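Taking it in order: structure first as structure tokens, then the write-up.
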Amino acid sequence: MISEPTLLLLSIFVPLSAALVLFFGRSVGNAGVRLIAAIGFMVPAVIAVYLWMGFEGADKSHMGYAFMGAWDTGLRDSVGITLLLGLNGISMPLYLLAGIVGLAAGIHAMYSQAERLHLYMALLLVMQSGLMGVFSSIDIFFFYFFHELALIPTFIMIGIWGGEGRRVAAMEMTVYLTLGAMLSLLGLIAIYGQTGWDTNYGFSLIGLQEYLSQHPIGDVASDNIFALLLFGFGILVSLFPFHSWAPRGYAAAPTANAMLHAGVLKKFGLYGLVQIAVPLVPQGAIIWNDWIVWLALGNIVIIGFVTIAQRDLKLMIGYSSVMHMGYIFLGIATMSVVGIGGAVMLMFAHGLSVALMFVLATAVFNRTGTYDMKAIGGLGPKAPVLAAFFVAASMASIGLPGFANFWGEFTVFIALWENHAWAVAPAVFGVVISAIYGLRAASNIFFGPQSDEFKQVSSHREIGDITLAERAPATILLLTLGVIGLWPMGISQSIESAVTDQAVFEQAPIDLKNSASLDAPEETTVLQIAEEASANEQGDQPL
Amino acid sequence: MTIELNDYLFVSGLLFAIGFFGVLLRRNTLVIYMCLELMLNAVNLALVAFSRFHNSMDGNLFVFFIISVAAAEVAVGLAIIVALYRKRQTVMVEELAELRN
Amino acid sequence: MSTLSGFKEIAQTNDWNAIFPELAMAGIALALLVLDLFLPSTRKRIIPLVAIGGQLALLIMLLMGCGCYDVSGALFGGMIAPTEATPYLRIFFVLGSILVCYLGIPYLSRQNLPRTEFYHLVILVSAAMMLLVQASNFVMVFVALETVTIGFYVLVAYCRYNPFSLEAGLKYLILGALSSAILLFGIVLLYGAASNPGLPGHTTDAMNFAALGSFIQENPQEPLVLIGTVLVICGICFKIGAVPFQIWVPDVYQGAPTPVTAFLAVSSKAAGFMVLVNLVAVPFASLGKLVIPLLSAIAIITILFGNITALGQRNLKRLIGLSGIAHAGYLLVGVVALAAGVEFAVWAIVFYLFAYLFASFAVFGVMIQLAGAEDEIQEIDQYQKLAERQPFLAGVLAVGLGSLAGIPPLAGFIGKLLLFVAAFQGELYTLLGAAIIGVVISIYYYFGWIREAYFAKVNLPGDEAKPAFPMPGSLGISHKITLGLLAALTVVFGFFQGGLIGG
Amino acid sequence: MDFLNLFNLLLAVPLISAAIIGLFFRRGGYVAAGISLTAAFIIACLAFMVLFDWNGTTLSGPEYSYTWMQFGDFQIDIGYYFTYETATMLAVVAFVGFFIHMFSVGYMDDDKDKGRFFAGLSIFMFSMLGIVLSSNLFMIFIFWELVGFSSYMLIAHYWDKDYAAAASKKAFIVNRIGDFGFLVGIVWAYYYYGTVDFAEMNALIASGDKHAETGIGLLLMCGFLGKSAQFPLQVWLTDAMAGPTPVSALIHAATMVAAGVYFMVHVFFLLTPDVLKVIVWICAAMAMLAGFWALGQNDIKKSLAYSTLSHLGYMGTALGLGFPGLAIMHMAMHACFKATLFLCSGSVIHACHHEQDMFKMGGLWKKMPITGWAFLLAALSISAFPFTAGFFSKDTIISAAFGVGAETGDRSYFAIWIIVLVAALTTSLYMGRMFFVVFMGKPNSEKAEHAKESSLWMTVPLVVLGWILSVGAGWFVWDIKWADGEMNGIIPADTAVFMMEGYGEAMSNAEDHGHPIHHGYGGGWDAAHHVVKETGFGLLLEFASFVAMLAGFVFTFYYYGLGPKSDRLQTTMPIIYKMLERHGWFDDVYDWYVVNVQQRFANLLSVLDQFLISGLLVRGTAGVAGLFGMVSRSLHVGNIHGYVYWFLAGVIIFGAFALGVLK
Amino acid sequence: MSDFLFYLFAALTVLSAFLVTVSRNPVNGAMYMIASFVGMAALFLLLEAYFLAALQVLVYAGAVMVLFLFIIMLLDAEKGRTIRPNRLTTAASTVGGLLLVLGLVYFTLGDSAAPATPLPAVTELPKDVTPDNIPYTTSSRSYGYGLFTKYMLPFQVTGFLLLIAMVGVIVLSKRLDASGDQAPAKTGGLES
């Protein structure tokens with residue numbers, strides 16, 4: 001039996017090597033391409049599920065990390081970078097998410113009529129390996145590294161197989177995301193710098209936590225570092241007002257790519273905030289707390305209304321995913337066990353639902369030849385199963401109980417009251433907004449009589465129900481949504497264990513209260529520790 | 001008064017400046033090139049002066065290298081100028097500005 | 001006679017084994033001339049093979065560690081002083097010269113120019129660079145530098161029936177001579193200051209880095225020293241193409257034959273940087289108050305100038321030149337970090353140079369395949385639909401450009417990362433900011449190029465009128481291997497950096 | 001079998017049946033119907049098993065709950081809270097639900113999408129039972145959303161009709177608006193009481209550790225307003241009639257809309273007097289207005305929908321008066337006769353091939369006697385004809401308003417009394433109108449000509465619900481001991497307890513937490529009846545409402561005549577008719593808001609998003625950089641002189657810097 | 001006496017150097033250049049660097065300038081006479097030159113100048129040489145000592161440098177014969 005760490009490594013490098021094969025594998029023919037790609041996508045998914053099942057029992061002695069393994073890539077002694085893999089309660093669900101969505105996207109892509117399929121699959125596989133890497137690396141450098149690895153194919157995929165306006169969209173997206181990535185990279189290096197460039201701690205999350213729990217980062221430093229991380233990650237997660245790349249990018253992207261990007265890759269930034277920024281730089285998070293809340297409300301309310309205004313289905317999905325990021329940010333802003341838990345839960349759920357939406361949107365497009373919701377109508381009777389899937393998907397994404405999203409949103413609302421009671425109302429109002437656009441989309445497309453444009457289309461085209469190639473990924477995703485919807489413990493347990501491990505999430509809400517009451521963040525407890533610590537340390541270097 | 005090291009330096013510096021001035025002023029590549037040689041000479045003077053006044057041979061030996069290098073440079077440079085003249089029938093810098101944005 | 005005992009003592013330090021690799025290069029170069037003399041013209045085809053083969057043999061020896069046995073301290077009466085980085089740099093320059101020779105083959109096959117001399121010059125210049133980067137005495141620096149420079153005068157103007165090449169040569173000639181004059185003047189001033197018996201801690205061996213360093217430590221405020229230092233830095237800035245001495249770069253890069261452009265862009269720049277590193281490390285070590293702000297300012301302006309100017313640049317050789325300026329800026333960040341006392345920066349710079357070498361030559365390799373007869377005209381439009389017509393070339397191009405842009409998982413990214421870490425350790429936050437902006441801007445033109453190669457352009461009316469650009473037929477296997485190897489190395493060093501980071 | 005497993009089964013059975021249908025029998029036709037019907041039957045049996053076994057002790061607490069999800073101290077339980085009001089509700093849902101399932105089999109016989117329909121019904125049963133049994137606010141909210149979804153699904157059954165699409169969307173969104181407040185209220189309650197478990201909160205209040213909060217109460221009330229379609233969220237219910245008639249009967253008359261009332265009764269102890277005041281006014285007003293609006297409808301189902309609104313208003317009024325038991329009682333009675341009325345209308349519509357315009361029917365009394373009788377009895381019952389089911393609940397509510405006023409001396413309650421009295425009048429008006437128009441006289445259309453009595457599938461429920469229950473459901477108030485209570489083995493007596501006693505003693509020490517004390521506050525029919533007796537005008541009051549009722553019938557008999565071809569009011573007084581038809585222009589106002597305010601605002605924002613953020617912020621910076629690029633490119637003039645000057649500048653600037661001139 | 005000589009030759013050097021930069025006709029420029037070089041050689045003599053003085057005259061005044069003159073003639077310098085530097089260039093270059101001179105004055109004559117040292121006595125042949133100290137000697141033999149011991153490596157490299165220059169000049173100007181690489185049609189040779 002292969003050891004779990006090796007499995008983690010495999011889940012990264014099997015897709016990668018499959019991709020390499022495909023890059024030069026023009027000769028194998030589409031069947032061969034599909035076979036190789038299938039392997040490349042199955043392996044991570046299977047490993048992810050296997051590890052998920054084994055996670056409860058696994059040994060988590062290393063600060064809650066299981067399945068740990070380390071490989072030196074030659075930077076250990078100079079800058080303390082090691083390929084350190086492992087999963088904790090927070091990364092486990094997201095790792096699972098990556099595996100599942102990846103599989104779904106892979107299946108969908110395999111049967112898409114993309115020309116130069118081998119290249120298409122190869123790029124997708126590169127993304128996949130990057131995604132598996134992002135959530136399985138404990139070393140924050142490699143965490144970043146794999147994100148970029150997954151990001152780059154997006155550019156080319158949008159460019160080659162994208163929809164209209166792809167040249168611009170691809171460029172805007174890439175430049176914008178690079179900016180975000182660079183900022184966050186600086187932030188990560190800065191955190192490492194706080195250890196006095198001690199390669200023993202290095203970029204390893206565990207090492208950093210050990211060190212920083214002893215010597216918390218000082219006020220100025222954490223202020224700046226957290227700002228870097230917040231806005232760096234924020235850009236990657238399309239935090240308002242840095243969102244403009246997302247909708248157009250997704251609208252232009254080929255489906256499988258959009259699934260992986262919107263579904264999984266986008267969680268990178270949030271994951272970074274949950275796993276790195278907030279625990280390691282808590283007082284920074286406290287200083288910037290109000291910013292997060294306000295911007296997140298911007299995501300929810302403003303972008304929510306913008307979403308209502310969309311006529312193009314894909315744009316609407318893109319905007320809606322931007323909007324949902326707001327809830328997750330709110331969850332993070334609470335910095336409490338409940339809020340963080342809800343945020344992670346929602347990350348998981350949203351990843352599935354948005355990917356599902358993209359699959360179905362494409363299915364609709366394949367039948368109607370347009371994304372303009374006003375130009376469609378009455379598709380339901382022609383494709384009842386597709387309609388059922390679509391309605392279910394939109395219900396999931398607007399947070400109906402019984403689907404995973406609900407748990408996330410609900411928990412976030414609960415947690416929000418503790419320190420930002422005033423923000424609960426606007427946040428919950430978002431639920432109404434999302435109901436408006438979600439149902440509008442469903443009823444415009446599937447219900448009611450057929451529109452005249454659609455009549456013409458359907459007149460000279462046989463419009464069938466959902467095909468197997470569409471049904472398989474959709475089922476995978478919807479099933480997961482449902483299972484977690486009925487059995488949230490499936491992931492919430494691991495999340496809870498990991499979150500409660502972090503003393504920060506017990507302490508931070510109290511500090512938040514204090515800092516809110518007497519608006520001098522220096523008074524907060526963590527900072528007092530920090531000052532004492534930095535007093536007997538050589539003092540923190542302000543950034 | 002006796003001649004100071006600074007006097008030599010001044011002369012050399014003046015030569016250097018004049019050379020630079022010439023490079024800035026003239027448009028005939030040949031003359032520009034001459035002015036460059038002038039600057040090298042200024043350096044030579046300074047070197048010799050230094051080594052003489054500070055009683056160290058290294059300066060003089062360096063001059064030896066500089067002279068030989070300068071000679072080689074001149075040879076190559078003139079070769080280029082000639083070759084270019086064959087193509088463009090001119091040695092004026094502003095007429096040798098085909099490569100531009 | 002006792003008076004000459006000192007000379008004898010010096011002569012004992014002339015250890016020719018220590019510079020075996022350089023000698024070997026020179027030997028190869030001479031051998032080429034001899035072959036050219038005696039070979040019948042029908043057999044001359046083998047000359048490039050000899051050149052490359054010989055160097056490959058040398059390269060393998062270097063990789064196996066021969067020829068660069070551990071030498072401690074100064075050699076040749078203090079002319080050269082190898083450091084830990086020297087073995088890496090020797091490999092670097094040999095590699096560079098091999099690749100330039102490789103690029104020379106397709107180029108010369110197109111051009112009808114004297115061939116042997118090209119390889120001869122390239123190899124000799126490379127040898128000179130190998131000496132230059134370990135020089136620890138200004139005389140040695142000057143001589144080696146001039147050898148390199150004069151070699152480049154010839155190489156840039158090599159295509160002697162092409163006015164553009166010649167014009168580039170002229171520009172490089174005049175500006176180069178000017179800069180060496182400036183450099184020289186600086187050296188002289190330093191020499192004069194350090195050898196002045198009237199000053200505390202004066203030295204009698206003032207050209208020597210170590211001695212000079214100790215002198216400057218004594219009196220860092222000496223105006224003569226400051227001016228000299230600044231002038232020397234000016235001279236080096238010309239070599240590395242840093243603002244404001246970068247202005248010649250696009251013209252010369254465009255005019256020069258493509259292999260020479262590559263040679264300029266990679267090896268020459270690297271040599272300049274390593275000289276700067278040595279200077280900053282040894283003689284100017286105690287001049288931080290002057291060097292750090294000065295170089296920081298240069299670095300920031302260089303990064304921004306290079307990147308912004310490259311925006312919307314259609315001619316690819318100019319584009320490479322401008323992006324090269326930007327890279328010089330990033331490397332300067334490393335130098336500043338070094339000046340701020342981060343020894344690790346040296347390795348960051350070395351790694352960056354290697355990454356830059358692989359990526360650049362990958363790109364140049366593709367360019368030379370697509371270049372027509374007059375290779376100063378290489379417009380970005382030629383790359384339309386490259387991905388469909390030549391997927392392999394397109395792939396290599398993407399990897400190379402990606403690495404230049406600093407995108408994981410490619411070596412270029414690791415290089416930037418290491419530089420950033422070094423800069424952080426030096427607490428150079430302004431520089432980091434500039435670097436970030438630069439990187440983001442650079443994405444635009446690098447990916448613009450990739451976009452040209454990959455995305456099917458929506459044809460505007462009138463586009464059909466344009467003739468489709470000629471594409472090379474199927475690539476020779478040797479090209480595939482070389483380019484593939486470069487791309488592979490770029491990727492591999494992105495994942496695994498073992499062995500390239502000493503210290 | 002212990003209760004826990006029974007409850008689990010109650011939830012599991014419908015879910016499973018829905019799953020089976022959804023997965024395997026989407027095209028299943030009668031198979032699907034069979035499965036769903038069986039499920040409903042099993043539910044009914046289980047429900048009665050529970051009711052018979054139960055000994056009246058409240059079932060709640062950890063042994064009746066599982067942890068569903070947990071983060072730190074925050075945890076969501078799936079748990080059961082079984083007490084007298086639960087028993088009543090359970091009985092109603094299970095019993096009425098089953099018969100409506102049965103009716104549907106007949107009604108939907110000509111429908112293609114039986115699978116979808118019956119799956120929906122099963123999902124609804126699942127969610128409804130969840131609401132009934134749930135032990136805490138979180139869980140009830142979850143099922144609250146689910147019933148909303150199932151109603152959405154069923155309203156949209158005829159999904160190729162645009163009005164169905166619009167109606168379903170509207171129903172869901174309006175409910176969401178209610179849930180918006182509901183959810184905020186839950187969150188607040190969670191932090192205020194530290195728990196959301198009904199039993200625990202109840203204990204907290206009873207022990208006086210915590211007080212009821214008006215804010216929380218009002219927010220929770222929003223949920224009730226949405227679900228039970230009270231002002232201002234009533235607009236969705238009438239449109240919801242777009243769904244098949246059994247759905248209207250089950251969801252939009254008998255159970256789901258009543259769930260709002262049930263919930264308010266559940267959390268009665270959280271409601272302060274102010275909240276009750278608000279409720280009583282809103283609901284009384286709705287009772288009357290809806291009654292009038294019912295007269296403005298030609299569509300039989302729409303008319304009935306308004307009557308539902310009106311009676312939900314009554315329930316709310318009962319609640320607001322402080323008689324939760326009475327509210328539940330009216331809910332139960334209403335479930336019987338309103339279900340009957342809808343089923344009758346369904347049977348009629350089905351017989352007339354989906355003709356819904358009353359004035360195209362007429363003369364169906366002879367053609368469909370069973371339906372006719374059922375309708376007549378139910379109509380009498382709803383208009384509180386003495387000793388029918390409706391009489392006991394409805395009349396008591398009306399009189400109780402007066403009684404409370406008399407006892408507390410608060411005049412406003414008399415106003416309430418007047419209002420609900422008028423509402424009672426309107427009830428008999430629209431019921432009479434409906435009866436005379438639909439059943440009397442001659443058929444007014446082809447379809448009516450060929451109408452036939454419906455199949456057994458449909459008539460059996462009519463008989464049970466209409467003939468028996470609409471009449472006799474209320475007789476338990478007399479507390480007859482048939483065969484010394486042996487009959488309790490057949491009729492679960494516990495279901496009546498709450499209707500009679502309400503919270504009884506539980507509220508006796510109410511003054512601890514500042515509730516207004518009127519005698520029997522928090523009680524049920526007994527208490528209300530007692531309050532009325534106290535006034536001394538008991539008979540007079542009952543007479544008043546009897547007169548109102550009678551007046552209604554008589555008036556309609558003369559005014560509309562038997563089986564008229566058109567609405568006389570419409571022809572003679574179109575303005576008034578218009579007013580009634582537009583039911584207060586609520587829809588128009590809301591539509592105007594949606595189109596002209598919300599949508600425009602959204603468009604504005606999206607334009608700003610396009611222009612400011614992606615236009616100026618993003619493209620703008622790119623443009624500026626490009627501009628600089630052009631400038632700096634133009635510096636490469638190609639002339640060597642131009643370049644030498646750069647060198648000169650460099651030397652001079654650096655030198656100056658070195659000599660400290662720049663510093 | 002030596003002071004006078006210094007002033008004389010310094011003046012000669014500087015003046016003729018200046019004339020080089022301003023003389024219209026490159027031929028005259030070259031002539032002035034020679035004069036300047038000779039003056040420089042004289043200054044070397046004053047500094048007792050006899051060997052260098054000789055080199056100066058031989059290499060510069062002799063070889064280099066002759067080469068220059070030859071090329072100037074070859075390239076028909078008559079064209080050079082007609083065009084005169086335009087005002088802008090003149091002004092700019094003057095300003096630039098003056099700035100440099102200013103810096104020079106500020107530097108050498110200002111207080112920041114290096115402390116003056118007395119002219120040390122010098123021997124003809126090197127005495128008590130140590131590896132890092134080769135004192136100033138006048139005899140040309142001492143150059144040999146220096147070049148072949150301490151400066152051995154640069155000396156060899158210079159040899160290669162000259163080789164490069166030679167090869168380069170050949171490459172740039174030799175007429176390509178038909179053997180192996182023949183001249184492309186479009187190159188115009190001298191014969192054209």
Side-chain angles (χ1 to χ4, degrees), chain C residues 167 170-175 178-179 181-182 185-186 221 223-235 237-238 242-252 254-255 287 289-291 293-294 297-298 304-315 318 321-322 437 440-441 444-445, chain D residues 69 71-72 595 598-663:
Chain C
E167 183 186 326
L170 179 70
K171 283 177 179 171
Y172 192 63
L173 171 73
I174 290 179
L175 297 177
L178 183 57
S179 73
I182 295 170
F185 204 76
Q221 285 309 325
L224 219 54
V225 171
L226 299 181
I227 290 288
T229 311
V230 162
L231 291 181
V232 169
I233 290 180
C234 292
C237 281
F238 167 81
V243 175
F245 301 94
Q246 90 299 354
I247 190 70
W248 56 277
V249 168
D251 291 1
V252 173
Q254 184 188 354
L287 279 178
K289 289 172 67 81
L290 169 66
V291 174
L294 184 61
I298 301 177
L304 296 181
F305 183 91
N307 281 316
I308 290 183
T309 314
L311 286 175
Q313 176 60 266
R314 304 295 293 175
N315 180 302
R318 294 185 82 88
L322 292 164
I437 298 173
V440 172
I441 299 176
Y444 191 81
Y445 54 83
Chain D
M69 191 187 71
F71 281 119
V595 175
Q598 178 185 301
Q599 194 57 33
R600 286 192 185 163
F601 182 59
N603 293 341
L604 174 68
L605 277 182
S606 100
V607 169
L608 288 182
D609 177 63
Q610 287 291 328
F611 178 72
L612 286 182
I613 292 175
S614 49
L616 282 184
L617 227 69
V618 179
R619 300 278 157 73
T621 32
V624 172
L627 212 62
F628 276 117
M630 279 165 65
V631 173
S632 57
R633 268 213 310 291
S634 65
L635 292 175
H636 298 83
V637 292
N639 182 338
I640 296 179
H641 269 156
Y643 297 166
V644 175
Y645 282 107
W646 283 72
F647 280 54
L648 176 67
V651 170
I652 290 173
I653 293 171
F654 288 11
F657 180 79
L659 294 178
V661 178
L662 291 184
K663 293 195 204 96

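Numbers restart at 1 for each chain; the letters A, B, ... are given by sequence-line order, proteins then strands. Values in this document were obtained by computation on a predicted structure and should not be read as measured data.
Nearest approach of C:V230 to D:G655, heavy atoms of both residues: CG1-N, 3.8 Å. Pairing each heavy atom of D:V651 with each of C:F245, the nearest pair is N-CZ, 4.1 Å. Contact record, D:I640 with C:K171: CG1-CG, 3.7 Å, taken as the closest heavy-atom pair.
C:I247 touches chain D through backbone and side chain together, each having a heavy atom under 4.5 Å away. Contact of C:Y444 with chain D is not made at all, since no heavy-atom distance falls under 4.5 Å. Within the 4.5 angstrom heavy-atom criterion, atoms from both the backbone and the side chain of C:Q313 approach chain D. If you measure heavy-atom distances from C:I441 to chain D, you find no contacts under 4.5 Å at all. Residue C:L304: no heavy atom, backbone or side chain, is found under 4.5 Å from chain D.
With a 4.5 Å cut-off on side-chain heavy atoms, D:L635 and C:F305 count as touching. The closest side-chain heavy-atom distance from D:F628 to C:L311 is not below 4.5 Å. Within the 4.5 Å cutoff, no side-chain heavy atoms of C:P244 are placed close to those of D:Y643. Counting heavy atoms from C-beta outward, C:R318 and D:H636 have side chains that approach closer than 4.5 Å. Contact annotation: the side chain of D:F647 approaches that of C:L175 to within less than 4.5 Å [non-hydrogen atoms, C-beta and beyond].
Remark: C:L226 CG to D:F654 CZ distance equals 14.5 Å, nearest 0.5 Å. Between the OG atom of D:S632 and the CG atom of C:N307 there is a distance of 10.5 Å, given to the nearest 0.5 Å.
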